[in-house]
2 protein chains.
Amino acid sequence: MTDHSRRQVTLDEVAERAGVSRSAASRVINNAPHVSKAKREAVQRAVTDLGYVPNATARALATQQVGAVVLAISSDNPQVFADPFFAEVAVGVNSVLEETELELILQLATSSRGQTRLEQLLRTRQADGVMLMSMHGDDPLAQLAEKSDVPVVFGGTPTNFEPQYYVDADNRGGARLATEHLVATGRRRIATITGRMDESAGTARYKGYQEALAVAGLDAGRVVYGDFSEEGGGQAMEQLLAEHPDLDAVFVASDQMAIGAMRVLKLAGKTIPGDVAVVGFNDVALARHTEPPLTTVAQPIQSLGREMARMLLALIAGESPTPLILPTRLVQRASS
Amino acid sequence: MTDHSRRQVTLDEVAERAGVSRSAASRVINNAPHVSKAKREAVQRAVTDLGYVPNATARALATQQVGAVVLAISSDNPQVFADPFFAEVAVGVNSVLEETELELILQLATSSRGQTRLEQLLRTRQADGVMLMSMHGDDPLAQLAEKSDVPVVFGGTPTNFEPQYYVDADNRGGARLATEHLVATGRRRIATITGRMDESAGTARYKGYQEALAVAGLDAGRVVYGDFSEEGGGQAMEQLLAEHPDLDAVFVASDQMAIGAMRVLKLAGKTIPGDVAVVGFNDVALARHTEPPLTTVAQPIQSLGREMARMLLALIAGESPTPLILPTRLVQRASS
DNA sequence: GAAGAAACTGGGAGCGCTTCCAGCAGACGG
DNA sequence: CCGTCTGCTGGAAGCGCTCCCAGTTTCTTC
C-alpha cells in the first residue's frame with residue numbers, strides 16, 4: 001500500500017529511508033549517472049514504499065523549466081472555442097503531449113484579462129512554449145509572440161506577416177481543388193462567398209478560387225465577402241443572386257456559410273445541384289447531414305494539433321523545424 | 001517602455017530599485033497591509049519601470065498553492081473531447097476562471113498514461129482543484145477522486161455512487177419532459193432508444209421516460225439499449241421497428257442516435273412526424289439542420305462548465321457548496 | 001511628557017528540488 | 001608502492017518568493 005498521510009512525501013524522506021544523500025536520491029529520480037547500483041535500488045525501493053512523487057513546482061523552480069505548454073486561442077469572440085474545430089485541435093495536441101511530461105494549459109484569450117495574461121506569459125516565460133491560434137487579422141499578440149523569448153508555434157498564419165514557425169492547412173490548395181472540381185463538372189459561371197478577409201484562411205481560400213478560375217480562363221468576378229457565419233452566408237447568397245442571377249455554382253469558404261447559402265438558394269427556388277452547385281470548406285460534422293449533403297474541403301484538424309505540438313516540442317528541444325502545410329482534400333457529396 | 005532584457009526581473013531587483021526590503025516589496029505586490037504610502041508608491045513605480053511580473057512558480061512553492069486547476073475528462077475513448085459538448089463545457093469553465101488568477105489545465109485521461117497522471121495529480125496535490133468529467137461507468141478514478149485531498153467537483157454523476165460535490169443536468173427531468181410532450185401530442189405507443197447504461201446520463205434519461213409513461217398509464221416496454229452513437233441509433237431503430245412495428249413515437253436519448261434513427265425510419269418508409277414522432281436529447285447544433293428539424297431536450301452546457309468552476313472555487317475557498325442540478329428544457333421542432 | 005498601543009520595517013528561514021564541486025575510494029599501469 | 005584516473009558521494013548553494021518575528025518608529029491618551 002502507498003502512504004496516505006496528509007503531508008507530501010519529500011525527496012529528503014526518500015533519501016533518509018534509503019540511507020543516501022538527497023543528491024544521490026535526486027540522481028536516481030532523474031536517472032542521472034554517478035550512482036552505484038546498490039544505492040540506486042535502495043532509492044527505488046524507498047520511492048515505491050513511500051509512494052513518492054516529485055513536487056513539480058519545486059522542480060520547476062530549480063530547473064527553470066515550467067513543465068507546461070500553453071494552447072492559446074486569441075479571438076474577439078468568446079464563443080470561438082465552442083467551435084468543434086478547436087476541440088479537435090486540442091485532441092490532437094493532447095495526443096502528442098500525453099507522451100511527454102508536459103501539462104497542457106488552455107488559454108482562451110478572449111477578454112482583455114485573458115489577453116493580458118497571455119501577454120505576460122509571452123513576456124515572462126511562465127510556460128515552456130505556446131501554441132497560438134490567432135483568429136483575427138492584425139492581432140498585436142501575434143507580433144508579440146513572434147519576438148517573444150518563449151518558443152511559439154502558430155496554428156494558421158496571421159494576415160500581416162509570416163511567422164517563423166507555424167503549421168497551417170493548405171487553404172489555398174483546397175479552395176483551388178474545390179473550384180477545379182466545379183469547373184470539371186461543367187460549371188462555367190462560378191461565384192464565391194469568401195470568409196473574413198482579415199483572417200488568412202479567408203484570403204487564402206479566395207486566392208485559391210481565383211487561381212483555379214484563371215487557369216480555366218473563366219470569369220472570377222462573382223464575389224461577395226462573407227464573415228464565416230451561417231447568417232452571413234445567407235445574406236451573401238442573396239446579394240450574389242441579385243447581382244449575378246446567372247451563376248451556376250458557388251464556392252463557399254466555410255460549411256457554416258454554405259448552409260446559410262443553401263437555405264437561401266432553396267428559398268429562391270433553385271435546385272441543388274441542378275441549378276447551382278455548392279461546395280463548402282472544413283467538412284464539419286454537419287456537412288454530411290444537410291439537404292443535399294454538402295460537397296466540401298476537408299482539413300486534417302487533429303493532425304494540425306498534433307503537428308503543432310510536435311513542432312513546439314522540437315523547438316523546445318532546440319531544433320529549428322520548418323513550417324508545415326497540411327494537405328486538404330475534396331469530399332464529394334450530393335451538392336455538386 | 002518595459003524592459004526587454006533576457007533575464008527575468010526579480011523581486012529583489014524591484015526592492016533594491018525602490019530602496020526597500022524584499023519583504024516590503026512582497027507586501028505591496030500582494031497588497032498586504034503594513035506598508036507606508038511612500039514605500040508603496042516607490043515599489044509600484046519600480047514595478048512598472050522594470051516591467052516586473054511575479055514568478056508564478058516561486059510563488060507556488062512558497063505558498064503551497066499551485067495556482068492552477070484541472071479540467072479532466074476520463075474516458076476510454078480518445079475522441080470524446082472532439083465532441084462539441086466538452087468544448088462548450090471548457091468555454092464555460094474558462095469564463096469564470098478568467099476572473100481569477102488560476103490557470104486551466106486540460107487533462108484528457110484517455111490513455112493509461114493520462115490516467116496515471118490524473119491519478120498522481122489527485123494523490124499529490126499538483127493542482128489546487130480538479131473538475132472531473134468521468135464518462136464511463138465505474139471509473140476507478142472517480143472513487144479515487146472522491147477521497148482525494150484536493151478539492152474535486154464532478155461534472156455529471158458516476159453511476160455507482162453519488163459524489164459529494166457535483167453539478168449535473170436534469171437528465172431525468174428532461175427525459176420526462178420529452179416523453180410527456182409525446183403523450184400530450186397524442187402518441188400512445190412510445191418507444192425509447194436508451195443511451196449507454198453505464199453512464200448516469202443514460203440511466204437517468206431512461207428513468208425519466210419510464211416515469212412519464214407510468215404517470216400517463218402507458219406501456220413502457222418498447223425499449224432498445226443504444227450506445228449514444230449515430231450508428232448505434234440506427235441499429236437500435238431497426239430492432240425497435242422489428243420488435244414493435246406499431247410504435248408511433250420514439251424518445252431517443254441523444255441527438256446523434258436520433259439522427260441515425262431517423263435515417264432508418266425514412267428508409268423503412270415511415271414519415272416523420274406523421275407515422276412516428278422523434279425526440280432527441282442534447283440539442284447539438286446539428287439538431288436544427290436535420291430533415292425534419294429535430295425536437296430535442298436542451299441542456300445548458302456552458303452553464304454546466306461555469307457552475308463547475310464556481311463550485312470548485314467555493315470549495316477551494318473552504319466553503320461547502322451543495323450539489324447543483326441544472327434545468328433542461330424542451331426545444332420543439334418539426335420531428336414531433 | 002511618559003507609557004502603552006499601533007503601525008511599519010527588514011532579516012532570515014523556509015518551500016522541495018537540482019546541480020556544482022570538492023573529496024574519496026578503488027582500479028590500474030609503471 | 002606510488003601517481004593517476006575514473007566513478008561515486010554528499011555538502012551546500014541556489015531557484016524566487018512568502019511570511020513570521022523581533023525590533024523600531026510613530027501615534028494616542030491620560
Side-chain angles (χ1 to χ4, degrees), chain A residues 3 5-44 46-47 50-68 101 120 123-128, chain B residues 3 5-44 46-47 50-68 101 120 123-128:
Chain A
D3 190 277
S5 64
R6 282 338 183 199
R7 275 212 357 81
Q8 250 224 60
V9 180
T10 72
L11 188 54
D12 279 304
E13 301 175 51
V14 171
E16 189 185 4
R17 182 177 179 111
V20 304
S21 71
R22 174 153 35 110
S23 324
S26 174
R27 274 180 223 116
V28 1
I29 301 296
N30 299 296
N31 51 62
H34 302 302
V35 183
S36 66
K37 202 173 169 207
K39 302 221 165 190
R40 189 173 293 274
E41 279 164 5
V43 171
Q44 275 155 353
V47 164
L50 263 32
Y52 171 76
V53 177
N55 179 318
T57 306
R59 179 177 282 181
L61 185 59
T63 57
Q64 299 289 73
Q65 303 203 331
V66 184
E101 296 286 285
Q120 295 197 344
R123 294 226 336 275
T124 64
R125 184 171 271 293
Q126 306 280 10
D128 294 328
Chain B
D3 190 275
S5 65
R6 283 335 182 204
R7 273 210 1 80
Q8 250 224 61
V9 180
T10 73
L11 227 206
D12 279 303
E13 299 175 51
V14 171
E16 189 184 6
R17 183 178 178 112
V20 305
S21 72
R22 175 154 33 110
S23 321
S26 175
R27 273 181 223 117
V28 1
I29 300 297
N30 299 296
N31 49 62
H34 303 303
V35 182
S36 66
K37 200 171 172 210
K39 301 220 167 189
R40 190 173 292 274
E41 279 165 5
V43 171
Q44 274 155 353
V47 165
L50 263 31
Y52 171 74
V53 177
N55 179 318
T57 305
R59 177 178 285 179
L61 184 58
T63 58
Q64 299 289 71
Q65 303 202 334
V66 185
E101 296 286 284
Q120 296 198 345
R123 295 227 333 276
T124 62
R125 184 173 269 294
Q126 306 278 9
D128 294 327

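Within every chain, numbering begins at 1; the chains are lettered A, B, ... in the order of the sequence lines, protein sequences first and strands thereafter.
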*Quick one: list whatever passes side-chain contact (heavy atoms from CB on, under 4.5 Å) with A/Ala58, sequence neighbours left out.*
A/Asn55, B/Leu61
*Verify, without hydrogens or angle tests, whether B/Gln126 (side chain) and A/Pro54 (backbone) share a donor-acceptor contact under 3.5 angstrom.*
yes
*Under a 4.0 Å heavy-atom cut-off, which of residues 34-44 of chain B touch DNA chain C?*
B/His34, B/Val35, B/Ser36, B/Lys39
*Can you check the B/Leu61 CG to D/dG16 P distance for me, whole Å?*
12 Å
*What's the shortest heavy-atom distance between B/Ala25 and B/Leu11, and which atoms?*
CB-CD2, 3.4 Å
*Please walk me through it: do A/Val9 and A/Val53 pass side-chain contact (heavy atoms from CB on, under 4.5 Å)?*
CA-CA 7 Å; A/Val9 180; A/Val53 177; over 6 Å; no
*Atom-to-atom span, CG of B/Asp12 to C1' of D/dG14 - whole angstrom*: 12 Å
_For the CD atom of A/Gln8 and the CZ atom of B/Arg125, what is their distance to the nearest 0.5 Å?_
9.5 Å
*Separation between OG of A/Ser21 and NZ of A/Lys39, rounded to the nearest 0.5 Å*: 7.0 Å
*Just call it for A/Pro33: base, sugar-phosphate, or nothing, with non-hydrogen atoms closer than 4.0 Å on any strand.*
nothing
*Just how far, in rounded Å, is P of C/dG16 from CZ of B/Arg59?*
18 Å
*Please state how far atom CD in A/Gln126 lies from atom C1' in D/dC17, giving the value in whole angstrom units.*
12 Å
*Tell me: CD of A/Gln65 to P of D/dC15, nearest whole Å?*
16 Å
*With sequence neighbours excluded, give me every salt bridge (Lys or Arg N to Asp or Glu O under 4.0 Å) pair touching residues 15-31 of chain A.*
A/Asp12-A/Arg22, A/Arg17-A/Asp49
*Residues in side-chain contact (heavy atoms from CB on, under 4.5 Å) with B/Gln44, at least two apart?*
B/Val28, B/Arg40, B/Glu41
What are the atom names and distances for every N/O pair under 3.5 Å that joins the protein to nucleotides 19-28 of chain D?
residue: D/dC19; atom: N4; partner: B/Ser23; partner atom: OG; Å: 3.4

*How long is the line joining OH of B/Tyr52 and C1' of D/dG16, in whole Å?*
7 Å
*Whole-Å distance between C/dG10 P and B/Leu11 CG?*
13 Å
*Whole angstrom is fine here: how far is it from CD in B/Glu16 over to C1' in D/dG16?*
15 Å
*With respect to the phosphate group of D/dG16, does any side-chain polar atom (N or O) of A/Gln64 fall under 4.0 Å of OP1 or OP2?*
yes
*Mind checking side-chain contact (heavy atoms from CB on, under 4.5 Å) for B/Gln65 and listing every partner two or more places apart, or none if nothing turns up?*
B/Thr63, B/Asp128
*Bending between helix ends of the helix from C/dG1-D/dC30 to C/dG30-D/dC1 [5 pairs per end, 10° resolution]*: 40°
*Sequence neighbours left out, what passes side-chain contact (heavy atoms from CB on, under 4.5 Å) with B/Ala68? Give chain and number order.*
B/Val66, B/Glu103, B/Ile105
*asked:* Would you compute the distance between atom CZ of A/Arg59 and atom CD1 of A/Ile29 and round it to the nearest 0.5 angstrom?
replied: 7.5 Å
